[in-house]
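One structure is given below, encoded as structure tokens.
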Amino acid sequence: MHALKPFIEAQCQELCGYTLTTAVLEVPPDPTLGDFANKAAFALAKQRRMAPPKIAAELAEQLRAAAPEWLADVSATGPYINLRLSDAWLMEQLQAETWAGTEPAPDSVAWLLEYVSANPTGPLHIGHARWAAVGDSLARLLTYAGERVQREFYVNDAGMQVANLRRSVDAVRAGKPVPEDGYHGDYVKELAQQTADPVGLMLAEQRETLHGAGVEFDVWFSELDLHRSGAVEKGLERLRQGAFTFEHEGALWFRSTAYGDDKDRVLRKSDGSLTYFAADIAYHLNKLERGFGRLVNLWGADHHGYIKRVDAAVAALSQSLGRPYAPGETLHVLLGQLVNLFRNGEPVRMSKRTGDMVSMQEVMDEIGVDALRYLLIRKHPNTHMDFDLAKAVEQSPDNPVYYVQYAYARLSSILRKASVGAIHELPLQLPQPLHPSERAVILKALQWRDVVAESAALLEPQRICTFLEELAVLLHVFYHDCRVIDEADAPRTAFRLALVQKWQGLFRTGLELLGVSAPEQM
RNA sequence: GCGCCCGUAGCUCAGCUGGAUAGAGCGUUGGCCUCCGGAGCCAAAGGUCGGUGGUUCGAAUCCACUCGGGCGCGCCA
């Protein structure tokens, strides 16, 4: 299935004989004006040296004369050309739509999504849950849109932080106080009661939590492996050979300012030890060497100062490897703002379990996976977010996840009642003119491909939520206005049951991309 | 001091990369169950899109400055 807007725009251009590269289609403010509005007259005003309303009138006339089968009505309202699609054509499109994802093109670039990548030094918190939900949903969305995607978790199992955790746990095991700069949460005591390595235990716990949230990774990439395999040294060597480095005061530096960074960065300190950045360079070199062309990293907003240097490294490494590099594209860092937890408007900070922050596991246990994922994905990751646990757990329309799921449950309920489960595919034959509420759902549903294309291109899965909520509103209105099962009108019943089947499939598909369940009943 | 992010209805947020009278939910007020699920629907009220300039035929959207909130500026990770 193709997206609706590009098709209509291309048709208008062809039938009216103009060319534009920008998108000109939009939805009119009042549905009685039309299904779509073409604002090409604005763009054409300069080159034709005519007033937009005059151009719009002419183009509308041309379209009317051409009378394509997809167009039921066209009218110029001021500078806008308002288009109404024909019911028959809409039904044709809907009939052909299966909501199936797109197969990747054989020569398409491979994407590597890296997200969460928490230090294995403590339980995951609500912030990690946000990157987990968004990253996982983004991976599903891109895959659905026909991209080849790998999901990866970078394990910071080398360096100071994990050593610090081990020291803290060892102290407790020896009955000594935890060092001042060590880890002090209650979980440290729990780790101390077990004999295994605390880092391994912590990692396993994080994995378990993510698994419980439906978040899976293809690869858990160990930083320690980078060091042990000599990959870090290899990365530095590559930069040195490309003359991207210099020595200064006994340290080895990366000339990142040559690629837009604010200052040059140390790779090997004067005491001979490596910086964290050196390992990160090796990691990104490894990503490129594995053939990935699009690197997407989800980071907490507190890491934004780190973007420029890593991007500089990716630019230098790409150049060294003879690979293409596009700013903001080869490496795309998605920043996620931290989440503030509330309960009934009161800030929540303390936790009995960790003595520090409420863990992701605790939140999930309290409000459930569906609400957690949906509410976290729903907002643009780079906006500050107030998350109220009391509202999240509430099963009310205040909680959009239930509103959307309820729409699906209602559709399922109708099909149950009509017992059409056994019928494979009902014909979508139009028995009479469409009811406005019925038509509104159909029109919205057919914009699915446009929404998927836009969210994938912008890496913004929250648009799927917005779409599903808008679709749910229209669905509830339809449900209210139009009775589906009517013994006195068999043809219309069959038609509407077929519609309900189609829509149910769309809700299921949309919720699947979010990793949220689609309940048959609630 | 420098840099990044966010300011849209009382609250939580959308706003289709610059277009028509700025939208939704909650909350408030008032309606709708002889009917496939009322966890729903309809209506009313609620806004100088933080502010000031600028670009443009046209700005919530782009630019500059400014105010408020968050965060970052190590040979830390």
Side-chain angles (χ1 to χ4, degrees), chain A residues 5 22-30 33 37 39 42 45-46 51-52 77-80 82 119 121 156 158-162 164 223 248-253 262-263 265-277 279-280 300-308 335-338 340 345 375 378-380 382-388 391 394-400 402-403 405-407 409-418 437 447 450-451 454-455 457-458 462-463 465-467 469-470 472-473 475-486 493 496-497 500 521-522:
Chain A
K5 286 185 186 179
T22 52
V24 291
L25 226 53
E26 62 179 39
V27 177
D30 181 351
L33 288 167
K39 49 180 183 176
F42 285 114
K46 269 177 196 151
T77 310
Y80 297 93
N82 290 316
N119 284 335
T121 53
N156 298 115
M160 309 279 285
Q161 306 289 353
V162 289
N164 198 352
E223 181 191 356
H248 179 64
E249 292 180 349
L252 178 69
W253 297 67
D262 304 318
K263 53 180 84 166
R265 306 292 174 177
V266 170
L267 299 170
R268 190 196 309 282
K269 298 176 236 175
S270 50
D271 68 2
S273 64
L274 295 165
T275 60
Y276 177 85
F277 181 44
D280 234 3
D302 53 339
H303 287 78
H304 76 254
Y306 205 69
I307 296 176
K308 279 185 181 176
L335 285 183
Q337 298 292 333
L338 302 176
N340 298 312
L375 296 174
R378 188 169 180 254
K379 291 168 191 177
H380 192 290
N382 202 12
T383 59
H384 302 280
M385 182 171 180
D386 291 340
F387 195 98
D388 197 305
K391 283 184 180 170
E394 201 176 299
Q395 302 200 1
S396 73
D398 188 20
N399 195 341
Y402 291 105
Y403 186 81
Q405 287 182 319
Y406 184 51
R410 276 186 143 180
L411 292 172
S412 306
S413 168
I414 295 173
L415 295 176
R416 242 190 338 266
K417 169 121 186 173
S437 307
Q447 290 171 55
D450 295 275
V451 172
E454 285 163 8
S455 348
L458 297 169
Q462 87 277 0
R463 287 166 186 267
C465 295
T466 306
F467 174 83
E469 284 166 41
E470 289 169 354
V473 170
L475 192 276
H476 286 307
V477 173
F478 162 82
Y479 188 92
H480 183 262
D481 292 349
C482 303
R483 196 176 168 77
V484 174
I485 299 169
D486 180 359
T493 299
R496 286 187 170 161
L497 283 173
V500 166
Q521 37 194 323
M522 298 175 71

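In the text below, chain A, chain B and the rest are named by the order of the sequence lines, each starting its count at 1.
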How close do [X] and [Y] get, heavy atom to heavy atom, and via which atoms?
X      : Y      : result
A/W253 : A/H248 : NE1-O, 3.2 Å
A/R496 : A/R483 : NH1-O, 3.0 Å
A/A301 : A/Q337 : CB-OE1, 3.4 Å
A/V266 : A/F277 : O-CD2, 4.2 Å
A/H304 : A/L335 : CB-CD1, 3.4 Å
A/R378 : A/C465 : CA-SG, 3.8 Å

[atom1] spacing across the pair [N] / [M], given as an integer number of angstrom:
N     : M     : atom1 : result
B/C49 : B/A59 : C1'   : 11 Å
B/A9  : B/G47 : C1'   : 6 Å
B/G46 : B/A24 : C1'   : 14 Å
B/U8  : B/G51 : C1'   : 14 Å
B/G30 : B/U48 : C1'   : 30 Å
B/G18 : B/C6  : P     : 16 Å
B/C41 : B/C33 : C1'   : 11 Å
B/A14 : B/G74 : P     : 33 Å

Do nucleotides 55-64 of chain B as a string where each nucleotide becomes B, S or -: B if the base has a protein heavy atom under 4.0 Å, S if just the sugar-phosphate does, - if no protein is that close. ----------

Answer with base, sugar-phosphate or nothing: what part of the nucleic acid does [X] contact at a heavy-atom distance below 4.0 Å?
X      : result
A/F277 : nothing
A/E26  : base
A/A23  : nothing
A/P28  : base
A/Q521 : base
A/K379 : sugar-phosphate
A/V477 : sugar-phosphate
A/L458 : base
A/T275 : sugar-phosphate
A/E469 : nothing
A/A251 : base
A/R463 : sugar-phosphate

Do the side chain of [X] and the main chain of [Y] share a donor and acceptor less than 3.5 angstrom apart?
X      : Y      : answer
A/S455 : A/V451 : yes
A/D481 : A/S437 : no
A/T275 : A/L267 : yes

Within this structure, what is the [atom1]-to-[atom2] distance between [X] and [N], rounded to whole angstrom?
X      : N     : atom1 : atom2 : result
A/Y403 : B/G38 : OH    : C1'   : 13 Å
A/L267 : B/A77 : CG    : P     : 12 Å
A/D262 : B/G74 : CG    : P     : 11 Å
A/H380 : B/U12 : NE2   : P     : 19 Å
A/E454 : B/A14 : CD    : P     : 16 Å
A/H480 : B/A39 : NE2   : P     : 13 Å
A/I307 : B/G72 : CD1   : C1'   : 10 Å
A/D386 : B/U12 : CG    : C1'   : 8 Å

Under 3.5 Å, is there any donor-acceptor pair linking the side chain of [X] to the base of [N]?
X      : N     : result
A/H303 : B/G72 : no
A/H304 : B/G3  : yes
A/K263 : B/C73 : no
A/N82  : B/A20 : yes
A/S270 : B/C75 : yes

If you assign A/L25 and A/Y276 each to the RNA chain B nucleotide with the nearest heavy atom, which residue ends up on the more 5' nucleotide?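 Closest to the 5' end, via its nearest nucleotide, is A/L25.
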
Which residue lies toward the 5' end of RNA chain B, A/L33 or A/Q462, if each is placed at its nearest nucleotide?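 In this pair, the answer is A/Q462.
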
Checking understanding here: a glycosidic angle within 90° of 0 is syn, the rest anti, so what is B/U12?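 You should classify B/U12 as anti.
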
Syn/anti state for B/C26 [syn: chi within 90° of 0]: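 Anti.
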
Which one, [options], comes nearest to the side chain of [X]?
X      : options             : value
A/R378 : B/A39, B/C36, B/C13 : B/C13
A/N382 : B/C16, B/C36, B/C6  : B/C6
A/H384 : B/G70, B/C41, B/G37 : B/G70
A/V266 : B/C36, B/G37, B/C75 : B/C75
A/K417 : B/C36, B/A14, B/C41 : B/C36

Is any side-chain N or O of [X] closer than 4.0 Å to OP1 or OP2 of [N]?
X      : N     : value
A/K308 : B/C4  : no
A/Y406 : B/C41 : no
A/R410 : B/G38 : yes

Hey, are the side chains of [X] and [Y] touching, using non-hydrogen atoms and a 4.5 Å cut-off?
X      : Y      : result
A/T121 : A/V162 : yes
A/P400 : A/L375 : yes
A/K5   : A/E454 : yes
A/N156 : A/Y276 : yes

So that I can compare with my own list, what are the stems of RNA chain B, taken as at least three consecutive Watson-Crick or G-U pairs with distances under 3.5 Å?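 Output for stems: B:1-7 with B:67-73, B:10-13 with B:23-26, B:28-32 with B:40-44, B:50-54 with B:62-66.
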
State whether A/Y479 and A/R410 meet the cation-pi test: NZ (Lys) or CZ (Arg) under 6.0 Å from the six-membered ring centroid, and within 45° of the perpendicular axis.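 Yes, A/R410 sits over the ring of A/Y479.
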
